Each structure stands twice: as C-alpha cells, then as structure tokens.
Amino acid sequence: MRKTLAKFSVEYLQILDENGRADETLMPVLGDARVREFYEQMVRGRVFDETALALQREGRMGTYASIRGQEASNVGPALAMDKEDWLFPAFREDASMVARGVSMEALLRYWGWDERGNDVRDVNVFPVAVPVSTQIPHAAGFAWAMKLRKKRVATLVYFGDGATSKGDFAEALNLAGVFNLPVVFVCQNNQWAISVPRAKQSAAETLAQKAIAYGFPGIQVDGNDVFATYVATKEAIRRAKEGNGPTLIECFTYRMSDHTTADDAKKYRDAKQVAEWEKKDPIKRLQLYMKAKGLWSESYERALREQTRKEVDEAVKKYESMPPAQIEDMFRYTYAEMTPQLKEQLGYLKKSIEETKSTGGANR
Amino acid sequence: MVPIAKLTIVEAINAALRQEMERDASVVVLGEDVGRDGGVFRATDGLWEKFGDERVIDTPLAETGIIGASIGLALGGLKPVCEAQFDGFATPMLDQLINHASRIRWRSRGRFSCPLVLRFPYGGGIRALEHHSDSPETYYAHTPGLKVVVPSGPYDAKGLLASAIRDPDPVIFMEPKRVYRAIREEVPEEEYTVPLGQARVLQEGSDVTVIAWGAMVRECREALALTSYSIELIDLRTLSPMDTKTLVESVKKTGRAVIVQEAPRNCSVSAEVAAVLSREAFTSLRAPIKRVTGFDTVIPYPRMENYYIADEKRIAKEIDKVMKY
Ligand SMILES: Cc1ncc(C[n+]2csc(CCOP(=O)(O)OP(=O)(O)O)c2C)c(N)n1
Ligand SMILES: [Mg+2]
C-alpha cells in the first residue's frame, strides 16, 4: 500500500505592499498614535544604525552589524511583545532592543569594546549572542521555566537564516515542540549569511516550513512590512500564552549593508540585487501609507528626525564620556565570588601595571 | 636560484593550501565563506577560482556538520582541510573531535584513520567582538589522538601547514590572527615542509629559557630587547606532541625557564611544560619555573584586553624576577 499520510502548506503574510498600500482586510486595529510609533521606532533604528556605522568608520566604535533594511523585522515583533515578555537577541536586532527599552548608549558601549554595554537592567532583554544559533535553545529553556513556574510570559528569540543550519536551532525547535513551550522563534532571513546566499544555506523552499517537521506552525512574512511582522508575532505570542506552544516566523527581508563593518559584500553579491531591495524599504513604504492616511507630513518628518538626531547624539556623548572600567571588572563577574586564584591574579595584574607602567602592548 | 617571496602569515597559509591542493587531488577545503569570499581573513583567497566548487566548498553555517562531515570525507578517502571562522566558533566541533576524529584509528584498531586538518584563527588583540579572541589550545592539546600546531611566523606557517595536511592523523592548526599580517618573512615558493613535533630555538642564550608559541612569540621577541640577559627563546610550534627534548636540553643549559602563553592559566599547556621541566631538568633549575599567562577569566572586550594579554614589559619584568631569584 502507498498512501499520502500528511500534506503541509506554508502560509505567507504581507499586509503593506512595497508601494505602501495596505490590505485592509488584514490590517490590525491600530490607532494613529500606534502607527506613528511603528514609524518612529524604525526611524530611531535607522538613525542609530547610520550613526553607529559612522562612529565605526571614524574609529570611535568597534565592528558593527548593521540592521539597515531590517527595521520592520526588528520593530514589528518588539512592539507585539507585552512588557512581561522576554527577548533573546542574536546580534542584528538593535532596533528591536531599543524598542524594548535598551538604551542606545548601552548598545554603543557594547559595540564600542566595552562589556558594560551588556549591563542593562530593568528591561526583559538578554545580551547579544555572538555564536550563531546558540541563543535559540536558551530561549526554549527560558520559556520552559516560565511554563513550569506558571507565569504567563512569552519568550521571543531572534536569529538569522544562517542560524537555521545549526544543530542548536534544530534541537531547540524540537524541544519546544515536544514540550509545547511558550516560545516564538523569529528568523530574520536577510538572504545572506556573510557571503553564503540563502539558497546555499538550505535546500528547503522556505525556512518557515522547518517548523512543520517539529510539529508546530511556521509562517513566512514580508519582513519589510512592519504590520506583517507585528501581526504574525502578536498571534504567535497569543498562542504561546494560551498554552498552544511555539511558532516559527520567517521574516523575509534583506541585509542592505555589508555583513559587518569588517566585511565587503561587493566581493560576493550583485549590486543589482541590493538596488532591487532598496525599493522594498520598510520605512519608505510605511511613510507612503501614513501619507495617504494623513499621518505623515514634511514637518512631522523634520521634527522626528531632529528629535531622533538629538537622542542619538546624546547617547553618543554619554558613551564617549564614560570613564574607563576598572581592572577589577575583568575578574569580578567570573564567579559570584572571586576565587582565591582570581584574587591573587588581580593583585598580580595591579602590581604588574604599576611596575611596568603598562598600557598593554598586544592591542595595536 | 630558488624563488622567494616576502609573505605574511595569512599569505603563507594561502600558499600552503594552494601547494597542497596542487600536489594532492584528494585535498579539499571546506568551511563558512571559504569559497567565493576567500575567507573572512582571506586565507583561502583565490582557491575557489582555481580549484572550483568541488574542492573549495562554502558550507552552510554548521560547525558540527563541517567537522563531522570532514571526518566522513576523510574516511571516504579525501583529505579535508576545514576551517572554523574564529576560535570561539570551533567549540561545537569539540564533540566530533573528542568523541570521533581523535579515536577512529584507536576504535577501529588501525583499520580507519582520520587525516583531516582543522584550521582556525585564534587569540586576541584585533579589537573584535566576544568569542573572536579566545586561545583554546588547551582543549585540543588535552585530547589524546589530536595533534596541535601553532605557527608564529610565515615560514613555519607554510611548512607546518603542509606537514599537517600530509599527516596521517587529525591536526588542529591554530593561526595567530593578531600577527596574521604583522610579520613578513622570506618564504620559498617551492614546496617544503616543517616537521610537526619539533620546537625551534629562535635565539640561543645561556641565562634563561623563554618558551612561547603563536602570537606570544612576537611579544617575547620584544621583551628580549628590553633585557640585557642572554636569553634562549624557543618557539614550541607543536603543542602536542610536545618536543620535550629541545625544552629540557635548553633548560639544563640555562637553569631557568619562563613560559609565556596567552590562554588562561588553569590546567593549560604551560602547566604541562612546567611539569616536564621540573621532572626532567630538576637538578639544573636555579629558580622556580615561571609562567606568564592570561588570567582565569574570559578574555575581556577590546578596551581591556591589552591588560589581559601579557605585553613585552610584563614579560621582561618576569624574566628579570626569575634572574634575580
Ligand atoms: C557558530 C558561529 N559560526 C560562525 C560565526 C561567524 N559568523 C558571524 S555572523 C555569520 C553569518 C550569520 O548569518 P545569519 O544567521 O543569516 O545572520 P545575519 O548575519 O545574516 O544576520 C557568521 C558565519 C559565528 N558568529 N558563530
Ligand atoms: Mg542572514
């Protein structure tokens, strides 16, 4: 006997098209102020991003991973989260983190070679995870803890298209399916993992469909449509909180910049492709929508830009005027209590710095 | 006359890969961004253009897959040279390395072997993000069945990598990224190898033996210039199996030893060196063996990392203390 045991399909969601026209049947109920908030958060992300790139170029900050073009995939999910929900970022979520309440100053510090940039209190956001995909099982575990502790909290974790190739991804999704965990997996499929294009990352037609194998829904959304990323996340968070388990959301977007400031994308990708995606810009299309609705004007834009500029400049000033960390900081957070060995080593380092007037020589 | 070029370490590595791929059709290079991009440090630049998709392979982002498949490739008759993009991303490979690559010969009683090379850039000092600055040699050196090689300059980089690729056993080849482009040396264009398992005496001396490997060799060279002692500087080159003979002979002569490493101290390679010396050169020692190491903490982000990695002044000071013991 041969028969079909199961058939699957993958849903796609777009609400706001490239030209700023919304499918009103799918449009969430949002007040004008809320629509503006989407726009303003994306602009904050864009201005922050441009500033960070400039600081890096001037040597005032370190290697940086630009979010340009991914603002809607950053902001939509962040605004769909409730205050009590938790965010596990990868490293291309600055606008999401900012929208969730992480200060720009902290992010600059993080990208500016300073661990203190990770020291962010009072917001439900974990620090950046650099080893690709490793944060995904943490989110599953955190969601599990919330579930076992009977807390009505959703956990949202970000990662890229490249991350879906790692075992951590597979294991985390499998665990989440098996234990019906209240977790939302958000993949920013920006079409590239450094120089490796999406098609070489997986033979699967969509990344969303990977969820199906683990027994829960996956959806692909237009990742440059902030309403789509918002609605899909809102639904996923509801599912999570109602005990209906995990969801995978594939935000179909594009990395407009080099992978990081240490990369040169010209080496491996066609400028034509970048230009095509420029037309799909998430901020531009929301602006068109708002204009048609009477929510956007030149003066609104000018005021917003000015205010955002001021906010970012303020953050830069704070970042650059912070006194250096203490030598103790190197040792302090290794364990809850410094071990005798660490105390000895700290004492040695302090003495050595004194003896040699060292400013360190390796880093040049 | 033999043609000679002045190459950097990263260029020498590129040259070795090219040479070995030309020489042996079973050598394949695989990893993330090693193909079209030529590697994030350009170590594999031009190889994809020359050898094509089947021998220079851009893999999906999957370190366990890369190393696991490399084991399979090796078992299937190829010679995989795989790359982890940075020290911190080789960590998931430890599972396959410790549980399989290092023991396949042992497990199969010699029927199967695993002649693969894993290369990755290691160490701090390039102002990078977290997980891009670690010195994890201890994990590998501690694993029976793995060889661990760390060149400190271009000539050795080319010759040691060639040997690593030709070696019948799995070799971990750690590249000192801080000095990838900082040192230029004359490197013959012709084929040559530098044998694994042999330390190199870089400078002879009679007062004290300084032992280092990888990027710290540069810091040690600079420290020598700050002291007036007669220093014997040894580049360990292969951490496992260790050339204890060269080390012991030197310390028997000088009576003093300073071991310099970037990695954290606890249970590290310098401890093994010290143990060997205290056993084999005990009666010659005129001062306790000194270790200058990283601290038992995570290597800090770049604003502080220059305090973590011993600089030439700290090393010179420690040499001085040993001399004045
Ligand atoms: C485990 C691991 N391997 C390699 C790297 C180096 N690396 C940093 S980002 C990246 C590509 C990530 O691609 P993707 O997951 O699509 O995220 P994106 O950078 O596009 O946001 C790689 C290979 C890493 N950080 N972690
Ligand atoms: Mg990507």
Side-chain angles (χ1 to χ4, degrees), chain A residues 62-63 65 91 110-118 128 130-134 160-168 193-196 200-202 259-260 262-264 267-268 324-325 327 329-334 339 341-342 345-346 348-349 352-353 355-364, chain B residues 32-38 40 58-65 85-86 88-89 91-92 95 123-132 178 182 215-216 218-219 222-223 262 265-266 293-318:
Chain A
T63 305
F91 48 79
Y110 170 75
W111 295 110
W113 306 295
D114 191 336
E115 293 87 348
R116 290 173 299 175
N118 292 326
V128 163
V130 171
V132 166
S133 198
T134 52
D161 43 307
T164 64
S165 299
K166 267 191 89 201
D168 313 57
I194 310 188
S195 72
V196 179
K200 283 200 174 174
Q201 203 59 245
S202 168
H259 168 68
T260 64
D263 173 50
D264 177 12
K267 182 118 205 269
Y268 53 79
I327 293 294
D329 279 18
M330 199 195 290
F331 297 84
R332 201 173 265 153
Y333 304 103
T334 313
T339 60
Q341 287 80 359
L342 285 178
Q345 291 176 19
L346 170 60
Y348 163 83
L349 176 58
S352 163
I353 290 170
E355 279 174 356
T356 63
K357 314 237 174 315
S358 174
T359 51
N363 195 348
R364 59 195 140 186
Chain B
E32 294 157 14
D33 308 289
V34 299
R36 185 184 290 269
D37 192 41
V40 295
D58 273 329
T59 64
L61 204 168
E63 280 76 10
T64 308
Q85 212 158 70
F86 282 90
F89 311 136
T91 319
D95 179 20
I126 64 154
R127 302 190 145 245
L129 293 166
E130 192 181 340
H131 307 284
H132 292 71
R178 172 159 85 250
M216 293 311 289
R218 179 182 68 171
E219 268 70 47
E222 289 172 1
E262 185 167 331
R265 167 170 301 196
N266 201 22
T293 68
F295 302 106
D296 289 324
T297 70
V298 179
I299 183 168
Y301 289 5
R303 281 193 196 271
M304 293 278 260
E305 72 181 330
N306 48 1
Y307 290 112
Y308 182 94
I309 303 167
D311 65 355
E312 70 280 8
K313 292 184 213 158
R314 192 189 302 166
I315 297 166
K317 188 81 200 169
E318 296 304 325

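All of these numbers come straight from a predicted model, not from anything done at the bench. We name chains A, B, ... by the order of the sequence lines, and we start the count at 1 in each one.
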What residue, out of [options], has the most heavy-atom pairs lying under 4.5 Å from chain B?
{"options": "Tyr268(A), Tyr333(A), Tyr348(A), Trp111(A)", "value": "Tyr348(A)"}
{"options": "Leu342(A), Val196(A), Leu349(A)", "value": "Leu349(A)"}
{"options": "Gly167(A), Gly162(A), Pro131(A)", "value": "Pro131(A)"}
{"options": "Thr63(A), Ile194(A), Val132(A)", "value": "Ile194(A)"}

Quick check on the interface: out of Pro60(B), Ala316(B), Gly88(B), who has the most heavy-atom pairs with chain A under 4.5 Å?
Pro60(B)
Decide yes or no for [X] and [Y]: does some side-chain heavy atom of the first lie under 4.5 Å from some side-chain heavy atom of the second?
{"X": "Val40(B)", "Y": "Asp263(A)", "value": "no"}
{"X": "Lys166(A)", "Y": "Thr64(B)", "value": "no"}
{"X": "Val298(B)", "Y": "Thr334(A)", "value": "no"}
{"X": "Glu222(B)", "Y": "Ile315(B)", "value": "no"}

For the residue pair [Y] / [X], report whether a side-chain donor-acceptor contact shorter than 3.5 Å exists.
{"X": "Tyr301(B)", "Y": "Asn118(A)", "answer": "yes"}
{"X": "Asp296(B)", "Y": "Gln345(A)", "answer": "yes"}
{"X": "Asp168(A)", "Y": "Thr134(A)", "answer": "no"}

Interface moiety of Leu346(A) toward chain B, non-hydrogen atoms closer than 4.5 Å:
neither
Closer than 4.0 angstrom, basic N to acidic O: yes or no for Glu305(B) and Arg178(B)?
no
Which atoms of [X] come close to chain A, meaning under 4.5 Å heavy atom to heavy atom: side chain ones, backbone ones, both, or neither?
{"X": "Glu32(B)", "value": "neither"}
{"X": "Glu262(B)", "value": "neither"}
{"X": "Phe89(B)", "value": "side chain"}
{"X": "Thr293(B)", "value": "neither"}
{"X": "Tyr308(B)", "value": "both"}

